[in-house]
Amino acid sequence: MNKAKREVVIAGNWKMNKTPSEAKALIEELKPMVEGKNGCKIVLCVPYVDISAAVEAAKGTNIRIGAENVHFAESGAYTGEISAKMLLECGVEYVIIGHSERRQYFGETDETVNLRTKAALAAGLKPIVCVGEVKEERISGITDEIVSMQTKLDLAGISAEDMKNVIIAYEPVWAIGTGLTATPEQADETCGVIRATLAKLYGNEVAEATVIQYGGSMNAKNAAELLAKTNVDGGLIGGASLKPADFTVIVDAAQ
Ligand code: PGA
């Protein structure tokens, strides 16, 4: 299998932005702009409270809705948390897991990322598992080791069969929300390292079939160049996903 046979997934990560009414308005605006653009999957990962409004607004369109996190327990005494089953019942299909902001500000570790990923898969959600090095790690030349280790730990115990539903997002932490983007070559190379790690874990077939996105200041200007790379199968887009016109340019670049 080669890149041409892999799905391309363009996913927005709204982070902590937009109220339910704003979510509805944004999707209403975006809908006609991306209509019929089926050369890639289009996903919007939105805050929990926006999910119902987003699912409703996206009904019957080519826009799919995702969440930005999920807890690993099925239910119980976890005040403030949301389970995979709850998300599924609300119409969620995808869920971001282990975003660097979760790791940085909310104590997320590879162990909890792994538990959340397993819980999402068990419920039938498609996890978008985020990995990526911080600036010091890139400067020290240990990016490959870091992303490879995160990939192994985050996917520990997940079967080759389940990997059909897993997306990996390579997000260099130094590029997120900073306006600094990995060069297309850097993105391609590190997504390639992740793919090589998957080949070691699961064999070539799974590695070649897995969608690996790039994320980190992907925007209307740089998307085409990044998405053209062999190992880059889409994008996880923060800031630019809040602007329908910019997000549409990225979707167009992925057609
Ligand atoms: P950014 O965010 O596009 O605003 O850099 C990407 C992300 O955090 O997923």
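In each ligand, atom 1 is the first atom listed, and ligand 1 is the first ligand listed. FYI, the numbering just counts along the sequence from 1.
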### Query
Is it true that the side chains of Thr197 and Ser148 contain a donor and an acceptor less than 3.5 Å apart?
yes
### Task
Mark up the atoms of ligand 1 that fall under 4.0 Å of a heavy atom belonging to Gly216, in ascending order.
5 (O)
### Query
Does Ile82 belong to the same Ile/Leu/Val/Met/Phe/Trp/Tyr cluster as Val129, with side-chain heavy atoms less than 4.5 Å apart forming each link?
yes
### Query
For atom 2 (O) of ligand 1, what's the nearest protein heavy atom and its distance?
Lys15 NZ, 3.3 Å
### Task
Can you figure out which of Ala169, Gly177, Ala11 has its heavy atom closest to atom 5 (O) of ligand 1?
Gly177
### Query
Which of the atoms of ligand 1 are close to Asn13, meaning less than 4.0 Å from one of its heavy atoms?
7 (C), 8 (O), 9 (O)
### Message
At under 4.0 Å between heavy atoms, is it the side chain or the backbone of Ala175 that contacts ligand 1, or both, or neither?
### Response
backbone
### Summary
Nearest heavy-atom contact between Ile51 and Cys90 is CG2-CB, 3.8 Å
### Query
Which side chain to side chain donor-acceptor pair (under 3.5 Å) pairs, counting each pair once, include a residue from residues 119-144, with sequence neighbours left out?
Glu133-Arg138, Glu133-Tyr170, Glu133-Trp174, Arg138-Tyr170, Arg138-Thr190
### Query
Nearest to atom 3 (O) of ligand 1, what protein heavy atom do you find, and at what distance?
Gly238 N, 2.9 Å
### Message
Need the ligand 1 atom indices (1-based, order shown) with element for anything under 4.0 Å from a heavy-atom of Ile176.
### Response
2 (O), 5 (O), 8 (O)
### Query
Nearest heavy-atom pair of Ile10 and Cys40: which atoms, and what distance?
CG1-SG, 3.8 Å
### Message
Judged on heavy-atom distance to atom 9 (O) of ligand 1, which of Glu171, Met218, Glu101 sits nearest?
### Response
Glu171
### Query
Stepwise, does the salt bridge (Lys or Arg N to Asp or Glu O under 4.0 Å) test hold for Lys5 with Asp233?
CA-CA 10 Å; Lys5 291 191 186 150; Asp233 310 315; over 6 Å; no
### Task
Would you mind running through ligand 1 and noting each atom that sits below 4.0 Å from a heavy atom of His99?
7 (C), 8 (O), 9 (O)
### Task
Heavy-atom contacts with Gly239 under 4.0 Å: which atoms of ligand 1 show up? List them by number with element.
1 (P), 3 (O), 4 (O)
### Query
Taking all non-hydrogen atoms of both residues, which atom of Arg64 and which atom of Tyr94 are closest, and how far apart?
CD-CE1, 3.8 Å
#### Entry: Polar proximity ligand 1 side, Thr178 side, N/O cut 3.5 Å exclusive
no
### Message
I'd like to know whether ligand 1 has Ser217 as a neighbour, heavy-atom separation below 4.0 Å.
### Response
yes
## Note on the structure
Residues Ala182 and Ala175: closest non-hydrogen pair is N-CB, 4.3 Å
